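Predicted model only: the values in this text are computed from it and were never measured. Heavy atoms only: backbone and side chains are in, while hydrogens, waters and symmetry mates are out. Along the sequence shown, residues are numbered consecutively beginning with 1.
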Amino acid sequence: MGGRILKPLPRSFFDRPSHEVAPDLLGRVLVHGPVSLRLTEVEAYGGPGEDPAAHTYRGRTPRNAVMFGPPGHLYVYFTYGMHYCANLVCLPEEHGSAVLLRAGEIVDGVEISRSRRGATGPAARRVPDRDLARGPARLAVALGLHREHNGLDAIRTGSGSLAVLAGEPPDRTLIRSGPRTGISTAKEVPWRFWIDGDPTVSPYKAHVPRRRSVAATSVGEAPSS
């Protein structure tokens with residue numbers, strides 16, 4: 001890869017509103033240890049009191065504290081009792097905004113990513129390369145991101161750390177935007193961005209309310225970021 005592709009993005013890149021950072025992340029290369037992927041789909045989430053779908057909408061909590069920290073850090077959260085999802089924090093400290101990393105193409109460490117997906121031996125051949133990081137939970141698994149990586153600085157480089165490299169952004173005519181996936185609040189906001197025609201982009205899924213019994217107690221939704 002060329003020098004520009006390998007150049008880490010500066011912190012100032014993330015010191016902007018998330019909906020401006022999100023489309024500019026497409027085509028960038030995210031590196032964590034031996035695995036690298038080219039981002040093909042992302043979603044922006046706003047700050048406190050601004051975006052009802054964001055984790056920070058009601059303010060700072062122990063869970064979302066990283067989102068109120070410096071830009072360019074990783075915010076990792078656990079959802080639905082089984083998946084981790086990764087975000088990159090935007091805007092200066094105390095603003096509580098981030099971009100959810102939805103999908104990407106594995107460009108280095110394909111076999112490592114496949115093994116992390118639990119696909120080894122004959123079963124490994126049944127997992128298409130396009131599906132290794134197709135969706136936010138799969139992306140986190142492929143990169144080996146877990147709860148302990150919450151707060152990791154993506155601007156630093158070095159063994160075992162996270163870095164976001166300049167990569168090769170797509171032609172602007174190939175960037176599409178539309179409603180965010182699987183949320184019920186602010187679902188019309190067109191802050192999901194993807195590279196048109198890329199096979200690793202995840203299929204759009206509108207929110208489907210969970211069916212509850214009459215006696216069930218309503219609980220708050222767990223938003224996507």
Side-chain angles (χ1 to χ4, degrees), residues 1-9 13 21-43 72 74-79 82-88 98-150 152-171 174-176 181 192-205 224-225:
M1 291 190 288
R4 167 171 162 69
I5 295 174
L6 294 174
K7 184 179 179 180
L9 294 176
F13 175 91
V21 174
D24 285 349
L25 277 172
L26 296 174
R28 310 297 185 171
V29 176
L30 190 66
V31 181
H32 184 236
V35 177
S36 304
L37 67 78
R38 180 180 67 97
L39 288 168
T40 60
E41 183 187 5
V42 294
E43 268 179 359
L74 195 71
Y75 167 52
V76 180
Y77 66 88
F78 195 54
T79 185
M82 63 182 75
H83 301 305
Y84 288 100
C85 293
N87 304 253
L88 287 167
V99 175
L100 173 67
L101 309 178
R102 285 203 55 85
E105 173 197 7
I106 303 297
V107 293
D108 285 307
V110 171
E111 294 308 316
I112 294 173
S113 298
R114 185 170 281 118
S115 67
R116 287 172 174 168
R117 290 284 309 278
T120 57
R125 292 190 291 271
R126 296 198 293 270
V127 180
D129 286 356
R130 75 168 193 174
D131 289 337
L132 291 174
R134 192 180 187 213
R138 291 176 177 179
L139 182 149
V141 170
L143 283 173
L145 297 174
H146 304 282
R147 194 188 307 275
E148 62 266 27
H149 298 114
N150 185 42
L152 195 65
D153 191 349
I155 307 304
R156 297 177 181 176
T157 58
S159 177
S161 67
L162 183 76
V164 186
L165 308 182
E168 294 183 335
D171 190 294
L174 295 177
I175 296 178
R176 300 288 181 266
T181 298
R192 182 172 67 96
F193 302 89
W194 68 93
I195 300 175
D196 190 37
D198 193 289
T200 64
V201 173
S202 64
Y204 172 74
K205 294 181 180 179
S224 296
S225 176

What closest approach, in Å, do P136 and C85 show between heavy atoms, and which atom pair accounts for it?
CB-SG, 3.9 Å
Taking every non-hydrogen atom, the tightest pair across L88 and A154:
CD2-CB, 3.9 Å
CD on E41 to CG on L139, rounded to 0.5 Å
10.0 Å
Of all the heavy-atom pairs spanning A86 and L74, show the shortest one and how long it is.
CB-CD1, 4.0 Å
With distance as the sole test, does R138 use its side chain to make a donor-acceptor pair with the main-chain N or O of L132 at under 3.5 Å?
no
Taken to the nearest 0.5 Å, the spacing of T200 OG1 from D131 CG works out to 9.5 Å
Rounded to the nearest 0.5 angstrom, the CD-CG distance for E111 and D129 is 8.0 Å
How many angstroms lie between atom CG of N150 and atom OH of Y84, to the nearest 0.5 angstrom?
10.0 Å
Salt bridge or not for D198 and R38, using N-O below 4.0 Å?
yes
At their closest point, which heavy atom of V201 faces which heavy atom of R134, and how far apart are they?
O-NE, 3.0 Å
D24 versus F13: any side-chain heavy-atom pair under 4.5 Å?
yes
Can you tell me how far apart CG (N87) and CG (L100) are? Round to the nearest 0.5 Å.
5.0 Å
Could you measure the distance from the OG atom of S161 to the CG atom of L152? Nearest 0.5 Å is fine.
6.5 Å
What closest approach, in Å, do S113 and I106 show between heavy atoms, and which atom pair accounts for it?
OG-CD1, 3.7 Å
On a heavy-atom basis, which atom in L6 and which in L165 lie closest, and how many Å separate them?
O-CD2, 3.4 Å
Hey, what's the ring geometry for H32 with H149, parallel, tilted or perpendicular (30° and 60° as the breaks)?
perpendicular
